[in-house]
Engineer: 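Quick one: this structure, given as structure tokens, is what I'll be asking you about.
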Amino acid sequence: QSVPLPRCDSQCIQHEFCAATFEPPLKLSRTKEPMSDLVDNIIRLLYSQVLKEMGPAGDEINSRVALVFHGGCGRREFAPYSDIDFMALYRGQMDATIEEFARKLTQSIFDTGFQLGFSIRTPRQACSMALEDPSIFSSLTETRIIGGSTDLYANYMSRFRRIEGRRATHIIRAIVAPPDAERQTF
């Protein structure tokens, strides 16, 4: 099962940008959710366009990939001029089709002017990296799917939550340790 794809083109993307005007004075607390909605819609539209461009392979990709926001984007706290942190989870082997999809999607996002923090991983790779790096772990604790296979995302979340439960104390110590070490240094 997949997240429904929007039916739109580049004119719709321009309309989304135009519709996202805010009255001054601009208060960040009031802009986070509308900005997050806007970014979600733009990324979904770009995702849909890339799948269309890829022809018959687009349907296969939609069933093999899950686009996942994490960190601030995962919390729906997208602020103006923030970067977009997301990963594409994929099922099966990395192949030329997945590589082409990732290249086209990231290029489309960069072309809109967004700053991008992007990775492409299997659920297992994402969880392994989270165990190795506390900052990756803390970012991946707050995720949400914005496109693609909901089954793949559920598989990833199940794996991540199991790891989180078994290693919580160790990981929390690792996340807290750097500020403590910095305090002792300065």
Engineer: Under the side chain to side chain donor-acceptor pair (under 3.5 Å) criterion, do Arg162 and Ser158 qualify, and how do the steps go?
Structural biologist: CA-CA 6 Å; Arg162 281 193 311 271; Ser158 175; 2.9 Å; yes
Engineer: If I take atom CZ from residue Phe110 and atom CG from residue Leu46, how far apart are they, to the nearest 0.5 angstrom?
Structural biologist: 12.5 Å
Engineer: Quick check: do Phe137 and Glu164 have side-chain heavy atoms less than 4.5 Å from each other?
Structural biologist: yes
Engineer: Would you say the side chain of Phe160 lies within less than 4.5 Å of the side chain of Pro123, judging by non-hydrogen atoms?
Structural biologist: no
Engineer: Could you pull out the closest heavy-atom pair between Leu89 and Val68, with the gap in Å?
Structural biologist: CD1-CG2, 3.9 Å
Engineer: Looking at Asp40 and Arg144, does any basic side-chain N land under 4.0 Å from a carboxylate oxygen?
Structural biologist: yes
Engineer: Any idea which heavy atoms bring Gln125 and Ile120 closest together, and the distance?
Structural biologist: OE1-O, 4.4 Å
Engineer: Do Ser135 and Asp133 have side-chain atoms, one donor and one acceptor, less than 3.5 Å apart?
Structural biologist: yes
Engineer: Just jot down the side chain to side chain donor-acceptor pair (under 3.5 Å) partners of Asp85, sequence neighbours excluded, or say none.
Structural biologist: none
Engineer: Restricting to non-hydrogen atoms, name the atom on Met87 and the atom on Leu140 that form the minimum distance, rounded to 0.1 Å.
Structural biologist: CE-CD2, 3.7 Å
Engineer: Considering all heavy atoms of both residues, which atom of His70 and which atom of Ser139 are nearest to each other, and what is their separation?
Structural biologist: ND1-OG, 2.6 Å
Engineer: How long is the straight-line distance from CG of Asp151 back to CD1 of Ile145, given to the nearest 0.5 Å?
Structural biologist: 9.0 Å
Engineer: Could you tell me whether Glu53 atom CD has more than 12 heavy atoms of other residues or ligands within 6.0 Å of it?
Structural biologist: yes
Engineer: Under the side chain to side chain donor-acceptor pair (under 3.5 Å) criterion, do Tyr153 and Thr143 qualify, and how do the steps go?
Structural biologist: CA-CA 10 Å; Tyr153 178 70; Thr143 65; 2.8 Å; yes
Engineer: Working to the nearest 0.5 Å, report the span between CD of Gln49 and CG of Leu105.
Structural biologist: 10.5 Å
Engineer: Once rounded to the nearest 0.5 Å, what's the spacing between atom OG1 of Thr112 and atom CG of Leu45?
Structural biologist: 11.0 Å
Engineer: side-chain contact (heavy atoms from CB on, under 4.5 Å), that's the test. Do Leu51 and Met54 meet it? Break it down for me.
Structural biologist: CA-CA 5 Å; Leu51 292 178; Met54 296 197 66; 5.7 Å; no
Engineer: Between Cys73 and Asp83, which heavy-atom pair has the shortest distance, and what is it?
Structural biologist: SG-O, 3.9 Å
Engineer: Strictly below 4.0 Å, N to O, side chains only: are Glu99 and Arg103 in salt-bridge contact?
Structural biologist: no
Engineer: Side chains of Gln93 and Ile98, heavy atoms from C-beta outward: is any pair under 4.5 Å?
Structural biologist: no
Engineer: When you compare the side chains of Arg124 and Ser128, does any donor N or O come within less than 3.5 Å of an acceptor on the partner?
Structural biologist: no
Engineer: For the residue pair Tyr47 and Phe101, does the interplanar ring angle fall in the parallel (under 30°), tilted (30 to 60°) or perpendicular (over 60°) class?
Structural biologist: perpendicular
Engineer: Side-chain contact, heavy-atom cut-off 4.5 Å: Val65 with Arg91?
Structural biologist: no
Engineer: Does Val39 reach the side chain of Ile146, with side-chain heavy atoms less than 4.5 Å apart?
Structural biologist: no
Engineer: Below 4.0 angstrom, N of the basic side chain to O of the carboxylate: do Arg64 and Asp95 qualify?
Structural biologist: yes
Engineer: Testing the basics here: between Ser149 and Ala66, what is the closest heavy-atom pair and its distance to 0.1 Å?
Structural biologist: O-CB, 3.5 Å
Engineer: Apply ring-ring contact (aromatic ring centres under 6.0 Å, His included) to Phe118 and list each qualifying residue two or more places apart in sequence or on a separate chain.
Structural biologist: Phe86
Engineer: For side-chain contact (heavy atoms from CB on, under 4.5 Å), just list the numbers for Phe114 and Ile42, CA-CA rounded to whole Å, side-chain angles, deciding distance to a tenth of an Å, and then say yes or no.
Structural biologist: CA-CA 11 Å; Phe114 285 114; Ile42 291 169; 3.9 Å; yes
Engineer: Once you round to the nearest 0.5 Å, how far does OG1 of Thr141 lie from CD1 of Ile136?
Structural biologist: 12.5 Å
